Amino acid sequence: MAAVVTVCSGLGRKKLTYWVTAAVCLTDSGTHTVLYRRACSQYKQVTSNKNLPVPMENPYKEGLKKYILCGKHVDYKNEQLLSQFISPYTGCIRGRHITGLCGKKQKEVSKAINRAQIMGFMPVPYKDPAYCKDPKVCNIKYWE
Amino acid sequence: MPRYELALILKAMQRPETAAALKRTIEALMDRGAIVRNLENLGERALPYKISAHSQQHWRGGYFLVDFYAPPTAVESILDHLSRDIDVIRPNVVKHPLTQEVKQCKGMFPVPLEEKLYAPKKRK
């Protein structure tokens with residue numbers, strides 16, 4: 001309970017080194033009082049590597065973002081899927097900056113669209129009206 | 001032997017005539033040394049555009065899919081034979097899409113916006 005604090009002045013005011021020690025004695029079992037000590041700069045610091053940050057890979061790193069059609073197979077017979085990447089008014093294939101596909105997938109999709117149009121699976125100058133109400137995948141807005 | 005797929009568009013006919021046409025087609029395939037694996041019917045539907053074949057215009061057609069194994073040299077003769085068949089509107093032989101492996105895509109690397117700011121100088 002009785003806290004004895006002793007403050008000792010430095011060895012000399014010229015040196016500007018001072019150290020403060022505080023000793024606390026425990027009388028009660030329940031109370032714990034903080035033992036405070038500020039070591040003098042003249043004292044040797046014991047360096048321990050326990051609490052230093054360990055070099056490691058960022059554990060909160062998010063994986064690479066996967067975009068639509070990543071790892072999925074694109075077929076020329078899949079007219080509904082391919083129709084999502086063409087304009088409903090002109091039937092032109094949407095560019096990469098609008099669809100947002102990977103380089104490989106954009107090439108695959110455009111080749112599949114071409115194939116389907118030539119083989120008689122998909123109309124060329126427009127989009128099949130049955131697929132006009134499909135959810136929008138491309139980054140494009142139309143005037144309503 | 002590599003695996004091919006025949007996307008066949010037949011004229012819109014009655015059932016027995018369609019059956020006869022398909023039978024003829026598959027027999028022609030087997031004569032050229034192809035091993036027919038499967039025959040699928042994608043239904044009869046309106047064509048996406050008017051197709052004129054053998055001095056006739058077609059608006060409706062029956063879609064059929066035949067996947068078969070064949071030597072690469074036989075593909076040309078198969079297409080030749082099918083183009084002469086009157087009931088066939090459009091034959092197309094393609095490498096089977098299931099044989100193409102889907103490569104594992106890890107994802108897209110984020111491109112820093114500074115690179116996109118200045119377009120690369122085009123050389124004439």
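Because the structure is predicted, anything quoted here is derived from the model rather than measured.
For B/H96, the NE2 atom counts as densely surrounded, since its 6.0 Å shell holds more than 12 non-hydrogen atoms of other residues, nucleotides or ligands. The 12-atom threshold is exceeded at CD of B/Q57, counting heavy atoms of other residues, nucleotides or ligands nearer than 6.0 Å. Crowding of A/N58 atom CG: a count of heavy atoms from other residues, nucleotides or ligands under 6.0 Å exceeding 12. For B/L113, the CG atom sits in a loose shell: 12 or fewer heavy atoms of surrounding residues, nucleotides or ligands are nearer than 6.0 Å. Counting non-hydrogen atoms of neighbouring residues, nucleotides and ligands closer than 6.0 angstrom, the CD atom of B/E76 reaches no more than 12 such neighbours.
Contacts of B/I89 with chain A are absent, with no heavy-atom separation under 4.5 Å from either backbone or side chain. In this structure, chain B has a heavy atom under 4.5 Å from the side chain of A/K77, while its backbone stays farther away. Neither the backbone nor the side chain of A/L69 comes within less than 4.5 Å of any heavy atom in chain B. Of the atoms belonging to A/M119, heavy atoms from both backbone and side chain fall under 4.5 Å from chain B.
Salt bridge status for B/R45 with A/E79: present, with a side-chain N to carboxylate O gap under 4.0 Å.
With A/F121 as the fixed residue, the side chain to side chain contact (heavy atoms under 4.5 Å, CB included) test singles out one of B/L47, B/L42, B/N92: B/L42.
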Audit row: B/V94, A/R115, side chain to side chain contact (heavy atoms under 4.5 Å, CB included) steps and yes/no: CA-CA 10 Å; B/V94 194; A/R115 213 183 228 188; 3.0 Å; yes
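In this structure, B/Y63 is not a member of the same hydrophobic cluster as B/L22, with clusters built from ILVMFWY side-chain heavy atoms closer than 4.5 Å. The hydrophobic cluster containing A/L82 also contains A/V137, counting ILVMFWY residues as joined when their side-chain heavy atoms lie under 4.5 angstrom apart, directly or transitively. Under the 4.5 Å side-chain heavy-atom criterion for Ile, Leu, Val, Met, Phe, Trp and Tyr, B/L8 and B/V75 are members of the same hydrophobic cluster.
The shortest non-hydrogen separation linking B/P48 to A/P123 is CB-N, 3.4 Å.
Within the 3.5 Å criterion, the main-chain N or O of B/P97 finds no donor-acceptor partner in the side chain of A/Y76. Listed for the B/Y49 side chain is a donor-acceptor partner under 3.5 Å among the backbone atoms of A/Q117.
For the atom pair CG of A/D75 and CD of B/E5, the computed distance is 7.0 Å after rounding to the nearest 0.5 Å.
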